[in-house]
Amino acid sequence: MSSRRSRTLRAVRAASGARTRRLPLVAAAVVAAALTAACGPTSESAGSTAPPAAVESSDGSGSAADAAGGSAPETTEASPSAPASRSATASPSAAASVRPSSPTPSRAPARTAAPAPKPAKPARTSAAPEPAQVPGSGYPTADATARIDAALRAAKSDGRMVLLDFGANWCGNCKAADRVFAQSKTSSVLGSSYHMVKIDIGGDSSANSRLLRKYSPSGGTYKMPVLVVVSPSGTVRTDTHETGNPPLTAEGLNSFLRQWAS
């Protein structure tokens, strides 16, 4: 009887000892299961001693430790033992999104050459023409046709009138007119407005007599001097044989010359 009790006690003690030894193993298994559920299965081999590197993917997703709840410490450097193929396996599109886009250079507008400035035209000067030459006293006896023609050509060029003075070297009134024509004031009017030609009709020149009848065709007895004003086109504007002579003074002759100058 006692021996049966002894065996029973030993069996109970053995069972309790076995339960006591199994309890830590059960607790360890429970903790391991909880960690596995929390952290997920590891893809690395059990024999690897290198800690997993916290490498952030190029597409902006967090590390495996961040996805597990942030329990793993953050590291700023990749582990040397981490395979280099991880950075190489990033998708080309993700890698391209990281590169800064280079700005497209704007093409500057083509410059056109400015046209060369035109040379300035010289200013026109309306200088007064040189005064015509005023003949001296007396009347040339030679044929005056060539001198009249030259005076008309000059008048067409500068617009002056032609003054024909028919007289004689022995005529007193002609000498009086010559003295007035020689005065500076009257000479200035003659030079600026007329080409003057003096023709002798007191001699034997038939050529000059024909010229008198050409420019003073009314005929009759002529009272000298006979002053005839002719336009550049050859038209007679006034003839003192018809109108009568003005006073042969400075005032009278100057008034006559200014009247027919234009």
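What you see below is based on every heavy atom in this structure, not just the backbone, and it leaves out hydrogens, waters and symmetry mates.
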Would you confirm whether [X], through its side chain, and [Y], through its main-chain N or O, come within 3.5 Å as a donor-acceptor pair?
X	Y	answer
Y222	G219	yes
R147	K198	yes
S188	K185	no

Taking atom [atom1] of [X] and atom [atom2] of [Y], what is their separation to the nearest 0.5 Å?
X	Y	atom1	atom2	answer
N208	D200	CG	CG	6.5 Å
S193	D158	OG	CG	10.0 Å
S231	R160	OG	CZ	15.5 Å

Could you tell me which non-hydrogen atom of [X] sits nearest to which non-hydrogen atom of [Y], and how far apart they are?
X	Y	result
Y215	V236	O-CG2, 3.7 Å
M161	R237	CE-NH1, 3.5 Å
K223	N245	O-ND2, 3.8 Å
P246	T240	CD-CG2, 4.2 Å

Is it true that atom CD of Q183 has more than 12 heavy atoms of other residues, nucleotides or ligands lying nearer than 6.0 Å?
yes
Is any side-chain heavy atom of [X] less than 4.5 Å from a side-chain heavy atom of [Y]?
X	Y	answer
I148	V162	no
V180	D178	no
H195	L152	no

Mind listing the side-chain donor-acceptor pairs of residues 163-175 below 3.5 Å, one per line with the distance, residues two or more places apart or on another chain?
from	atom 1	to	atom 2	distance (Å)
D165	OD1	Y139	OH	3.3
D165	OD2	Y139	OH	3.2
N169	OD1	Y139	N	2.6
N169	ND2	Y139	O	3.2

For residues 248-262, run the donor-acceptor check on the side chains, cut-off 3.5 Å, and write out each pair with its distance to 0.1 Å, sequence neighbours left out.
from	atom 1	to	atom 2	distance (Å)
T249	OG1	G252	N	3.1
N254	OD1	T186	OG1	2.6
N254	ND2	A250	O	2.9

Is it possible for you to say whether L227 and I199 belong to one hydrophobic cluster, with membership spreading through side-chain heavy-atom contacts below 4.5 Å?
no
If Ile, Leu, Val, Met, Phe, Trp and Tyr residues are connected whenever their side-chain heavy atoms lie under 4.5 Å apart, and connections chain through other members, are L211 and M224 in the same group?
yes
Mind checking what makes salt bridge (Lys or Arg N to Asp or Glu O under 4.0 Å) contact with D143, not counting sequence neighbours?
none
Test D239 against S216 for side-chain hydrogen bond (donor to acceptor under 3.5 Å, both in side chains), laying out the working first.
CA-CA 7 Å; D239 174 12; S216 181; 2.6 Å; yes
